[in-house]
Amino acid sequence: MIPFVDLKSQYLSIKDEIDTAVFKALESTQFVLGSEVVALESEFYDYCGADYGIAVNTGTSALHLALLAAGIGPGDEVITTPFTFVATVAAIYYTGATAVFVDIDPISYTIDVTQIEAAITPRTKAILPVHLYGQPADMDPILEIAQRYHLTVIEDAAQAHRAEYKGRRVGSIGDLGCFSFYPGKNLGAYGEGGMVVTNNPEYAHTIQMLRDWGQERRYHHVLKGYNYRMDGLQGAILRVKLRHLDAWTKARRAIATEYDKLLTKADVITPTVMPYSHHVYHIYAVRSTERDLLQQHLHEQGIQTGIHYPIPVHLQPAYADLGYKPGDFPNSELAAKEVLSLPMFAELSSVQIKAVSVAVFERIPCLN
């Protein structure tokens, strides 16, 4: 079997480092926040090119607190894309604000910047672009629009650790950047985790309080906060893994290049790297009008795949109250019917890549 993600291989490759860090964290008995989390915050915000980093328990919490720190609340609107994991929209809902969708660009799968301005109303307070699959959204036009309309830009970088836009690391480009450390991410914890990075000290201070019951110091509750603290063990683990992220990213990009070459003549659409982008390939998604048949064929060959994402958020029953209907966002809806994520992890071998590519050819005829 060729797995979609192989977390065990990754663990075994750094087992001694991880085990040492875990035992050290256990001996410290700093199980919630603590010195390892503080060190991770410093190392990660520096890695991103930001001035502050606040570790939290999930990427969803990172988005929620970033929105709250920016003053987003009931009656406000936040512009984002429906072609994303549902957490992007759920975090907006948690604040009492309303998500307003803009369709994706059909090539990059990120928000279509040419449609953003038309979606702005007097209630719009923020733009929340998603760096989907590891490819940055086109940030310069987003920042220009945000400046003209006095909007906050919050980057959903949950799938884009180390991705770059015109030489700048994502997360540090907008007003706030939000990361997930879910285990399958390019930088994944051994459990849950998240981080907000920012260059704004007021945002950073607010998020630090909000993640820990709104405390400015112990038992002095300034804000109505949440229990969104990161575990000390995850901080220790992520510090080890952060040291390997550059090498893992290089491997992912090499794997993507190999896929690109092997699938050149296959009747599937391979990922397009935009000219402004340093893509980190959290997901290697191909497109096919025979997606479901292709997935079934690969499954029969012992190859695991994924679909990211089969139903856009505007068509999910949970968000029917937003009032959207089929056909409102055709690029998102078509992508949802056609994308298929092939195995992608840093330890994927050339033999495995070739086997996946051969299996794709078996199901999908070659182009003439």
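Worth saying up front: this structure is predicted, and the values here are computed from it rather than measured. One-based numbering along the sequence shown.
- When only modelled atom types and interatomic distance are considered, T58 and E192 share no side-chain donor-acceptor pair under 3.5 Å.
- Checked against salt bridge (Lys or Arg N to Asp or Glu O under 4.0 Å), D260 has no partners two or more places apart in sequence or in another chain.
- Shown here for R243 and E17, the closest heavy-atom pair between the two residues is NH2-OE1, 3.5 Å.
- Nearest heavy atoms, W248 versus N186: CE3-O, 4.0 Å.
- For R239, the salt bridge (Lys or Arg N to Asp or Glu O under 4.0 Å) partners two or more places apart in sequence, or in a different chain, are E36, E43.
- Counting only heavy atoms from C-beta outward, the side chains of L67 and V78 approach each other to under 4.5 Å.
- Closest approach of I72 to A97, counting heavy atoms only: CG2-CB, 3.6 Å.
- In this structure, Y203 OH and L68 CG are separated by 12.0 Å, a value rounded to the nearest 0.5 Å.
- A donor-acceptor contact closer than 3.5 angstrom is absent between the side chains of N57 and Y226.
- Applying the salt bridge (Lys or Arg N to Asp or Glu O under 4.0 Å) rule to D292 yields no partners; only residues at least two apart in sequence or on another chain are considered.
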Set out, in order, the CA-CA distance, both residues' side-chain angles and the distance that settles side chain to side chain contact (heavy atoms under 4.5 Å, CB included) for I142 and I111, then state yes or no. CA-CA 10 Å; I142 294 170; I111 192 167; 3.9 Å; yes
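- I116 and Y276 fall within the same hydrophobic cluster, defined by Ile, Leu, Val, Met, Phe, Trp and Tyr side-chain heavy atoms under 4.5 Å apart, directly or through other members.
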Would I283 and F4 satisfy side chain to side chain contact (heavy atoms under 4.5 Å, CB included), going step by step from the backbone distance to the final call? CA-CA 10 Å; I283 298 295; F4 180 64; 4.0 Å; yes
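- Enclosure of atom CG in D16 is not indicated, since only 12 or fewer non-hydrogen atoms of other residues, nucleotides or ligands lie within 6.0 angstrom.
- The two residues G232 and V37 come nearest to each other via the heavy atoms CA-CG2, 3.9 Å.
- Counting heavy atoms from C-beta outward, F83 and V130 have side chains that stay 4.5 Å or more apart.
- The 12-atom threshold is not exceeded at CZ of F23, counting heavy atoms of other residues, nucleotides or ligands nearer than 6.0 Å.
- The aromatic rings of F101 and F329 lie perpendicular to each other, with more than 60° between the two planes, well past the 30° mark.
- Judged as a ring-ring contact (aromatic ring centres under 6.0 Å, His included), and not counting sequence neighbours, W213 has no contacts.
- Counting heavy atoms of neighbouring residues, nucleotides and ligands inside a 6.0 Å radius, atom CZ of F85 does not exceed 12 of them.
- A donor-acceptor contact under 3.5 angstrom links the side chains of Q215 and D212, judged on distance only.
- Look at R162 and E164 and you find a salt bridge, because one of the NZ, NE, NH1 or NH2 atoms lies within 4.0 Å of a carboxylate O, short of that distance.
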Show your reasoning for whether salt bridge (Lys or Arg N to Asp or Glu O under 4.0 Å) applies to R211 and E41. CA-CA 14 Å; R211 73 169 175 188; E41 290 172 333; 2.7 Å; yes
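- Counting non-hydrogen atoms of neighbouring residues, nucleotides and ligands closer than 6.0 angstrom, the CZ atom of R148 exceeds 12 such neighbours.
- Shortest non-hydrogen contact noted between I307 and A336 is CG2-O, 4.4 Å.
- Side chains of E258 and S350: a donor on one and an acceptor on the other come within 3.5 Å.
- Under the 4.5 Å side-chain heavy-atom criterion for ILVMFWY residues, a single connected hydrophobic cluster contains both M344 and I2.
- Heavy atoms of other residues, nucleotides or ligands lying less than 6.0 angstrom from NE2 of H221 number more than 12.
- Residues meeting the salt bridge (Lys or Arg N to Asp or Glu O under 4.0 Å) test with D76, sequence neighbours left out: K125.
- Side-chain N/O atoms of Q10 and H244 include no donor and acceptor closer than 3.5 Å.
- Under the 6.0 Å cut-off for aromatic ring centres, Y259 and Y281 do not qualify, their centroids lying 6.0 Å or more apart.
- The hydrophobic clustering, which links ILVMFWY residues whose side-chain heavy atoms are closer than 4.5 Å, places L334 and I104 apart.
- Side-chain contact annotation: Q295 with T305, donor-acceptor N/O pair under 3.5 Å present.
- At least one side-chain heavy atom of M195 sits under 4.5 Å from a side-chain heavy atom of L40.
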Hey, mind stepping through N200 and D175 against side chain to side chain contact (heavy atoms under 4.5 Å, CB included) and telling me if it holds? CA-CA 7 Å; N200 186 311; D175 297 288; over 6 Å; no
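- At a cut-off of 3.5 Å, with distance as the only test, no side-chain donor of Y165 or H131 sits close to an acceptor on the other residue.
- The shortest side-chain heavy-atom distance between T110 and M274 does not fall under the 4.5 Å cut-off.
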Apply side-chain hydrogen bond (donor to acceptor under 3.5 Å, both in side chains) to Y190 and D231, showing your working. CA-CA 11 Å; Y190 291 166; D231 291 344; over 6 Å; no
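- A ring pair (Phe, Tyr, Trp, His ring centres under 6.0 Å) check over residues 135-157, counting only residues at least two apart or in different chains, returns nothing.
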Might you work through the side chain to side chain contact (heavy atoms under 4.5 Å, CB included) test for F44 and L187, ending with a clear yes or no? CA-CA 11 Å; F44 191 75; L187 179 63; 3.8 Å; yes
